[in-house]
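Quick notes on the structure that follows.
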Amino acid sequence: MAATIMDGKALAAKVKEEVREQTSKMERKPGLAVVLVGDDPASRVYVNGKRRDCGECGIYSEEYALPAETSQQELLELVETLNGREDIDGILVQLPLPRHLDEKAVLLAIRPDKDVDCFHPFNVGQLMIGEAYLRPCTPAGIMRMLKEYGIDPEGKHCVIVGRSNIVGKPQAMLMLQENATVTVCHTRTRDLKAECLKADILVAAAGRAGLISGDMVKEGAVVVDVAMNRSEAGKLCGDVVYDEAAERASYITPVPGGVGPMTRAMLMENTLRAAWQHGKR
Ligand code: GUN
């Protein structure tokens, strides 16, 4: 079976266009503050992309590029200031933070109604009980993509490889909410191949190039590759051996151009939703 490629780039453009249409009608525009501490080159690329997205979507954005030596107190003071500003609806502190900073304490300081990443324990709890107003961007982007391609998780077996707080765990919650049967695999899973072969929907989010070979994909499965790795040849790739998996899957996401653009688009949607929640119309 030749798999249908799920075009995250095209769908992200559509989602962003929908956001732009909404913001164009708003008297007070949504605002996003992006905080970057230190000079991690990958983080810089991500932050630039997020700000560009804001521009395209009619979302006001501000960037705080702080030196690597920034103290915990300085960072918390900035978050506190942003928490209190009416023109800022979303606060995104780019991770990872330099090692001397306490990531958990920083994420806890962001007001939950401005937590567009959905990393605050309050929002994580809301997600767990199926009441999330802001949903984590990557898992939400994947759900949106499945919907767009007419893939209903109800009754299907979804196997997630990876148990991170950013992707694996929240993905499991969103899949459960859509009535999938969910298995979460990780590095200690005894027989990863046997688990993966059960998947009607396979979400690979382990961050290890080549982890999922074609023989681990059930015939006709939907394969979603979240990872962004560099192969030994320096090429961007996911966890899935794409060419092999594409021969067996019914649908598959490419890397790049699959989940990544959807994550960014959902950040725009979350910022719009936060602004709505703040009474902006
Ligand atoms: N670093 C890598 N991915 C993310 C993300 O989704 N949000 C934030 N804040 N930092 C990240």
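All ligand and atom numbering here is 1-based and tracks the order in the structure. Below, all heavy atoms of this structure are taken into account, side chains as well, without hydrogens, waters or symmetry copies. All of these numbers come straight from a predicted model, not from anything done at the bench.
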| task | Using only heavy-atom distances, determine whether the side chains of Q22 and E18 contain a donor-acceptor pair under 3.5 Å. | result |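 Side-chain D/A pair, Q22 to E18: absent.
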| N48 and R52: side chain donor to acceptor below 3.5 Å | no
| message | Test of understanding: with salt bridge (charged side-chain N to carboxylate O under 4.0 Å, His left out), list the residues that count as partners of D152, not counting sequence neighbours. | response | none
| field | Under 3.5 Å: donor-acceptor pair, side chain of H157, backbone of A199 | value | no
Pairs of nitrogen or oxygen atoms, one from ligand 1 and one from the protein, closer than 3.5 Å: please tabulate them with distances.
unit_1: ligand 1; atom_1: 1 (N); unit_2: Q94; atom_2: NE2; d: 3.2
unit_1: ligand 1; atom_1: 1 (N); unit_2: L95; atom_2: O; d: 2.9
unit_1: ligand 1; atom_1: 7 (N); unit_2: D117; atom_2: OD1; d: 3.1
unit_1: ligand 1; atom_1: 7 (N); unit_2: D117; atom_2: OD2; d: 3.4
unit_1: ligand 1; atom_1: 9 (N); unit_2: V93; atom_2: O; d: 2.9
unit_1: ligand 1; atom_1: 9 (N); unit_2: D117; atom_2: OD2; d: 2.7
unit_1: ligand 1; atom_1: 10 (N); unit_2: L95; atom_2: N; d: 3.0

| note | CG (L134) and CZ (F122) are apart, to the nearest 0.5 Å, by 10.0 Å
| query | Shared ILVMFWY cluster between I110 and L66, side chains joined below 4.5 angstrom? | reply |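 I110 and L66: one cluster.
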